[in-house]
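Below is one structure; the comments refer to it alone.
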Amino acid sequence: MTKTDSPPPARLNDLVVLIAQSRDARAFELLFGHFAPRIKGYLIRLGTSGAVAEDLAQETMLAVWRKAALFDPARASASTWIFTVARNLRIDLLRHERRPDFDPNDPAFVPGQEPAADALMMRDDEDANLRIALAKLSPEQAEIVQMSFFADKPHSAIAAELGLPLGTVKSRLRLAMVRIRAALGTLP
Amino acid sequence: MTIRHHPGDEFLLAHASGAGSETVSLIVGTHLALCPPCRVKVASMEQMGGALLAGIAPAEMSASALSSAMAKLDDIAADKPAQSSDPLPPVIAPEPLRSYIHGDIDRVRWIPIGPGVSYRPLLKRRDARVQLIRTAPGAGVGTHTHRGEELTLVLTGGFTDVTGSYRRGDLQTTTPEIVHRPVTDADGYCVTLAMTDAPLKFMSPIVGVLGKLFGF
């Protein structure tokens with residue numbers, strides 16, 4: 001694999017948009033170089049074997065190529081969107097379950113406020129603020145957040161593994177989310 | 001419609017992180033279709049997932065991974081963004097639930113199970129199961145508590161118990177500490193989507209109709 005310098009976040013968003021607009025294979029190559037090893041690392045953290053993680057990382061990048069037109073940079077950064085693509089493929093291919101989720105085009109869907117016009121410019125600041133907020137969580141809060149994403153267990157099993165009451169796990173999570181949402185400006 | 005009862009952060013995060021099972025995502029995803037504030041929370045959680053992915057230690061891919069992916073690109077047709085469909089008559093069951101029913105609530109073939117109560121199983125995964133429950137005005141399912149957690153999402157009508165009143169979009173979470181006797185509001189049938197991860201426990205020797213519902 002060719003080593004590439006990591007493009008800045010805004011550039012990563014542009015690469016997905018380039019794929020959507022012009023099926024740009026060079027943009028795919030750059031995205032692959034950045035994200036495939038991270039997706040593989042994420043799956044290995046979840047307990048997936050190296051060989052399966054490699055296949056799934058490759059499938060995720062092919063799904064990115066296929067779904068690029070569905071990426072909306074006003075709603076999410078490339079990292080966030082690719083995270084959801086990898087998450088859903090893992091559920092589908094490794095767990096063999098469906099991924100029930102809402103459909104914004106559904107007649108029963110209750111619309112909320114659309115992202116503001118300046119959301120696109122704020123998105124990169126947000127991601128930076130989020131990384132700072134994650135780094136500032138207390139060790140107890142950070143542990144629960146990390147396990148929520150990487151232990152592949154319900155919160156009741158996380159509580160049992162840490163030897164904590166379920167209520168303690170829930171309250172640490174709640175406090176962590178308040179701090180994260182304050183950093184993102186999404187508290188009501 | 002103002003939703004007053006929401007899933008706890010742990011359920012939203014189970015949905016956002018992918019750790020939650022299909023049963024949890026079916027009920028949380030259906031709540032999200034009705035609840036913009038919870039969608040904002042889940043979007044923040046997915047953003048956390050993106051940040052964790054961006055910050056993770058990369059695991060090197062094999063030498064041929066990129067070239068074998070590149071060789072497949074020309075054969076992959078691009079997905080197009082979904083178009084809004086033509087306006088439909090009012091729908092009670094939002095997606096993702098409607099796909100599991102294969103239609104709206106009027107398509108459900110209810111199984112009568114007691115006075116004023118009927119149900120329809122939808123999904124069973126490991127120890128958890130999801131079902132639709134329909135209760136007539138004033139009907140109840142008996143006093144009970146739970147060995148595990150129970151999530152109940154109101155789709156139409158409403159019910160009331162010691163913890164409050166629940167209407168369309170409201171999601172009740174009950175735990176082993178809660179003993180309750182939900183009674184359907186007087187204004188019509190109540191249809192709920194309910195998930196349990198363990199059998200219910202009834203407080204009287206006369207097992208209520210929910211005993212048949214969730215008697216594993």
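Per chain, numbering begins at 1; letters A, B, ... match sequence-line order.
- No donor-acceptor pair closer than 3.5 Å links the side chain of D104(B) to the backbone N or O of V91(B).
- R87(A) contributes a side-chain N or O that, together with a main-chain N or O of A16(B), makes up a donor-acceptor pair within less than 3.5 Å.
- Interface remark: H31(B) contributes no atoms to any contact with chain A (heavy atom separation under 4.5 Å).
- For the pair T30(B) (side chain) and L26(B) (backbone), a donor-acceptor distance under 3.5 Å is present.
- Comparing E59(A), K40(A), E54(A) by how many heavy-atom pairs each has under 4.5 Å with chain B, the most go to E54(A).
- Interface remark: A65(B) contributes backbone and side-chain atoms alike to the contact with chain A (heavy atom separation under 4.5 Å).
- No donor-acceptor distance shorter than 3.5 angstrom exists from the side chain of T160(B) to the backbone of S165(B), with no hydrogens or angles considered.
- The contact between L13(B) and chain A is made entirely by side chain atoms (from C-beta outward), counting heavy-atom distances below 4.5 Å.
- Heavy-atom distances place both the backbone and the side chain of R66(A) under 4.5 Å from chain B.
- Contacts between A77(B) and chain A at a heavy-atom distance below 4.5 Å involve the backbone alone (N, CA, C, O).
- The choice from L70(A), V145(A), T80(A), I144(A) that makes the most heavy-atom pairs within less than 4.5 Å of chain B is T80(A).
- Contacts with chain B were tallied for M177(A), H155(A), M61(A); H155(A) has the most, counting heavy-atom pairs under 4.5 Å.
- For chain B, the nearby parts of T186(A) are the backbone and the side chain; heavy atoms of each come within less than 4.5 Å.
- Residues of residues 166-174 of chain A lying under 4.5 angstrom from chain B, judged on non-hydrogen atoms, are L166(A), K170(A), L173(A), R174(A) in numerical order.
- Side-chain contact between L137(A) and R179(A): present, with at least one pair of heavy atoms (C-beta onward) separated by less than 4.5 Å.
- The aromatic rings of F71(A) and W81(A) sit tilted relative to each other, their planes meeting at an angle between 30° and 60°.
- Chosen from A51(B), A69(B), G29(B), S99(B), the residue pairing most often with chain A at heavy-atom distances under 4.5 Å is A69(B).
- Here Q58(A) is the residue among K67(A), R90(A), Q58(A) with the most heavy-atom pairs under 4.5 Å with chain B.
- Contact residues of residues 146-153 of chain A toward chain B are Q146(A), S148(A), F149(A), F150(A), D152(A), K153(A) (heavy-atom distance under 4.5 Å).
- Residues D185(B) and P137(B) are not in side-chain contact: their nearest non-hydrogen atoms beyond the backbone lie 4.5 Å or more apart.
- Only the side chain of I180(A) comes within contact range of chain B, with heavy atoms under 4.5 Å apart.
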